[in-house]
Amino acid sequence: MSQISLTFPDGNARSYNPGVTPAEVAESISKSLAKKAISATVNGRHWDLQWPIDADSTININTMQDDTQALELIRHDLAHIMARAVQEIWPEVRVTIGPVIEKGWYYDFDRKEPFTPEDLGAIEAKMKEIINRRDPVTTEIWERDRAIAYYQANNEPYKVELINAIPGDEPLRMYWHGHWQDLCRGPHLQHTGQVPADAFKLMSVAGAYWRGDSTRPMLQRIYGVAFKNRNDLKAYLTFLEEAEKRDHRKLGREMDLFHMQEEAPGQVFWHPNGWSIYTTLQDYMRRKQRAGGYHEINTPQVVDRKLWEASGHWDKYQHHMFIVEVDESRDGENDDAAIKDKAQTRINALKPMNCPCHVQVFNQGLKSYRDLPLRLAEFGSCARFEPSGALHGIMRVRGFTQDDAHIFCTEDQIQEECARFIDFLADIYRELGFPDFEIRFATRPEKRVGTEESWDYVENALENAIKAVGRDYVLEPGDGAFYGPKLDFYLTDAIGRVWQCGTFQVDPNLPERLGASYIAPNGEKTRPFMLHRACLGSFERFIGILIEEHAGKLPFWLAPRQVVVASIVSDADDYVHEVVAALRAKGVQAEADIRNEKINYKVREHSVGKVPVILACGMKEVEDRSVSLRRLGEKQTRVQTLEETVAALAAEATPPDLA
RNA sequence: GCUGCUGUAGCUCAGAGGUAGAGCACUCCCUUGGUAAGGGAGAGGUCGAGAGUUCGAUUCUCUCCAGCAGCACCA
């Protein structure tokens with residue numbers, strides 16, 4: 001039998017018998033490597049130490065030093081160890097699937113009684129016990145019939161269903177952890193003792209549909225996180241605490257920005273401080289849009305169903321719309337809704353999107369090709385009946401305002417408009433403190449309208465536009481809207497979370513449905529394309545992102561209360577008012593605090609309230625016409641003249657586009 | 001929407017089958033204090049809503065509403 005050649009990372013090659021396993025290869029190199037080995041990488045593929053190699057290959061023996069592989073194996077093994085622990089404690093529980101996810105793993109179980117927090121503790125203890133048993137992990141490939149018979153005999157219906165879903169030509173691999181066994185594509189560690197017993201934690205239990213399908217049974221999913229060592233686990237738990245501290249719902253209350261209440265679920269009551277952020281941001285966007293060649297418009301909130309039928313929303317989106325019935329015979333005199341006159345009832349819907357209304361504006365009067373591209377922008381207030389479980393603070397709401405715009409243009413203007421938008425967006429994101437963003441390019445989905453030629457042309461235009469502005473992108477094949485391809489723009493925040501904010505979508509469909517047209521150079525009525533685009537997404541969500549990004553310590557120009565001027569003794573009160581007036585005269589949002597409290601108390605309160613600058617004034621400052629300036633998060637104070645302070649803070653309060 | 005958990009003062013949270021408590025915040029008084037909580041007093045709650053069990057329910061049961069985590073959703 002001819003030998004096979006295995007090439008190591010250093011370029012050296014050695015000959016082995018066909019069918020040699022990485023475990024044997026490691027053994028042939030050194031005993032210590034064999035012991036330390038956790039898996040191999042064979043021809044770039046993550047490979048179990050027990051899997052045979054049949055042909056010439058490149059090979060690397062992985063150890064715990066190889067982070068990517070080590071973490072994957074640790075987490076994957078823990079998924080199995082957890083499933084085993086659960087079945088050892090509750091043999092009647094049925095197992096399903098347990099994949100590795102970011103930071104850890106989960107496993108879905110079918111069990112009648114809910115898992116309690118105490119159960120999680122018991123499972124964790126049992127897992128540690130299993131790890132300490134150091135059971136060898138072994139694997140075999142089984143015939144499909146044998147595997148199905150095995151699982152039927154063991155009353156594991158979910159496993160049977162899984163096997164039936166695996167394509168027929170794929171081998172079925174079984175893994176044993178000691179006597180416990182699971183269907184798994186691997187790879188796994190050599191023995192359970194290789195899993196660090198002190199670097200994992202079960203986090204939570206939650207419902208999850210079997211195979212992600214809301215018509216299938218609801219299972220119980222237990223989430224765990226795992227790392228290579230105790231310190232990494234600790235660091236991750238600290239990160240979670242950090243994220244919790246940044247929670248915009250908590251900060252929104254502490255900073256007195258907004259509240260929500262059950263009479264208006266998913267809608268925001270903005271307080272003065274929060275509304276100040278909102279309007280500052282909106283003013284900024286309005287200036288940017290004007291400079292960017294957009295025309296701002298405003299369109300109705302409540303619109304007759306006829307328009308939604310024409311646009312297609314009534315068919316496809318109705319269950320997400322707030323529907324309003326009005327009995328027009330009442331004429332405002334009869335307040336009893338129960339005696340509505342059906343014949344006179346008119347059905348309206350709150351607009352969930354602005355696009356149909358924007359087409360109405362476009363449709364007024366005859367448009368010439370000379371009018372294109374026509375960029376119509378609206379801070380459009382929309383209402384969507386989001387499922388209750390989707391609501392989340394001000395990030396996912398039922399009433400919100402988009403920084404929306406629709407660009408009406410010809411097909412050959414798409415590319416330039418797209419490139420122009422990316423530049424426009426990049427400028428805004430940079431000024432708002434997000435210099436890096438990711439573009440995802442979503443192409444034609446399976447269910448779509450329009451010809452292949454048209455999709456070819458439009459997808460090409462978008463791709464060329466991204467290249468023209470010199471940016472990278474991630475391709476997401478099949479993720480486009482049914483009417484056209486789109487670009488989505490993702491921001492990464494200070495603690496690594498990713499948010500989709502901007503979007504750019506090409507739509508030939510809605511102009512068609514709503515009969516938009518312009519007169520082309522050849523004198524014929526022609527359909528324009530419509531480009532949907534947004535930068536922030538919604539003000540509500542974007543402000544939530546800003547709050548969490550900055551942990552409440554907003555950039556000075558966005559801060560609702562930029563300066564608090566606090567008296568140290570009451571004899572300085574008059575001077576405090578003078579300082580506040582001087583700041584306000586220069587456009588700085590300043591407030592006086594002359595309460596009968598010690599300066600310590602005032603400093604603490606305004607620090608908790610995330611006021612960026614506190615100016616303290618005692619008798620010394622009164623005499624010198626100075627202020628003692630303290631910045632949020634800093635301990636030291638600086639005494640400066642009133643004049644220079646006002647000038648400096650006024651400059652700092654200037655929005656980035658005006659600076 | 002689904003599964004699980006939660007709902008007590010403005011906030012954070014105790015508590016019990018016989019209609020309630022703490023700390024902070026709030027009001028008043030004392031204190032004029034130099035950079036993250038000075039002291040004292042006071043006021044404040046239909047215990048998420050409705051129904052049932054009970055002599056009696058805020059506490060037990062059911063339904064609903066809202067919130068939280070996850071899933072599904074985000075055309």
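In what follows, chains carry the letters A, B, and so on, assigned in the order in which the sequence lines appear, proteins first and then strands, with residues in each chain numbered from 1. Computed from a prediction, not measured in an experiment: that's the story for all the values here.
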Completion exercise
Protein-proximity profile, nucleotides 61-66 of chain B, B/S/- by nucleotide at the 4.0 Å heavy-atom cutoff, equals ----SS
Exercise for the section: For the residue pair A:His320 and A:Tyr317, categorise the inter-ring angle as parallel (less than 30°), tilted (30 to 60°) or perpendicular (more than 60°). Expected result: tilted
Problem - B:rC74 OP1/OP2 closer than 4.0 Å to side-chain N/O of A:Arg541 - result: no
Practice task
Would you kindly give the CD-to-P distance between A:Gln505 and B:rC74, to the nearest whole Å?
Solution key: 13 Å
Practice task
Please report, rounded to the nearest Å, how far the P atom of B:rC2 is from the CZ atom of A:Arg211.
Solution key: 23 Å
Practice task
Let me know which of A:Arg246, A:Lys245, A:Arg497 forms a salt bridge (charged side-chain N to carboxylate O under 4.0 Å, His left out) with A:Glu548.
Solution key: A:Arg497
Practice task
Could you tell me if the ring centre of A:Phe489 sits under 6.0 Å from that of A:Trp499?
Solution key: no
Fill in the blank from the handout: Between CD of A:Glu605 and P of B:rG38 the distance, given in whole Å, is 11 Å
Handout entry: A:Arg630 vs B:rA36: side-chain N/O to OP1/OP2 distance below 4.0 Å
Key = yes
Practice task
Tell me what A:Lys620 touches on the nucleic acid: a base, only sugar-phosphate, or nothing, going by heavy atoms under 4.0 Å.
Solution key: base
Completion exercise
Taken to the nearest whole Å, CZ/A:Phe115 to C1'/B:rA69 is 17 Å
Practice task
Verify the contact: side-chain N or O of A:Lys602 to OP1 or OP2 of B:rA36, cut-off strictly under 4.0 Å; return yes or no.
Solution key: no
Practice task
Report the distance from atom NE2 of A:His392 to atom C1' of B:rG70, rounded to the nearest whole Å.
Solution key: 13 Å
Exercise for the section: Check every strand shown and say whether A:Tyr317 touches a base, only sugar-phosphate, or nothing at a heavy-atom separation below 4.0 Å. Expected result: base
Completion exercise
Regarding the side chain of A:Pro114, the nearest nucleotide among B:rG33, B:rC26, B:rG4 is B:rG4
Completion exercise
Numerically ordered, the residues 214-224 of chain A set in heavy-atom contact under 4.0 Å with RNA chain B is A:Ser214, A:Met218, A:Arg221, A:Tyr223
Fill in the blank from the handout: Per atom distances to the A:Tyr209 side chain, the nearest of B:rC73, B:rA36, B:rC71 is B:rC71
Handout entry: Base of B:rG34 paired with side chain of A:Glu621 (donor-acceptor, under 3.5 Å)
Key = yes
Fill in the blank from the handout: Quick note, A:Lys598 side chain, CB onward, closest among B:rA25, B:rG33, B:rU32 is B:rG33
Fill in the blank from the handout: Under a 3.5 Å limit on both distances, the Watson-Crick or wobble mate of B:rG23 is B:rC11
Problem - Listed nucleotide nearest any side-chain atom of A:Ala206, set B:rA69, B:rG33, B:rC26 - result: B:rA69
Practice task
Take atom NZ of A:Lys250 and atom C1' of B:rC24, then tell me their distance rounded to the nearest Å.
Solution key: 13 Å
Practice task
Test for a donor-acceptor pair under 3.5 Å between the base of B:rU35 and the side chain of A:Thr637, counting only N and O atoms.
Solution key: no
Exercise for the section: Give the rounded distance in Å between these two atoms: CH2 of A:Trp210 and P of B:rA72. Expected result: 14 Å
Practice task
Choose from B:rA69, B:rG33, B:rA36 the nucleotide whose nearest atom is closest to any side-chain atom of A:Arg249.
Solution key: B:rA69
Problem - Charged tip of A:Arg384 within 45° of A:Phe400 ring normal and under 6.0 Å - result: no
Exercise for the section: Go ahead and name the base partner of B:rU59; Watson-Crick or wobble counts if both distances stay under 3.5 Å, otherwise write none. Expected result: none
Problem - Aromatic centroids of A:His550 and A:His248 separated by under 6.0 Å - result: no
Practice task
Could you check how far NZ of A:Lys112 sits from P of B:rU3, rounded to whole Å?
Solution key: 15 Å
Handout entry: Among B:rG38, B:rU12, B:rC73, the one nearest A:Pro387 by side-chain distance
Key = B:rC73
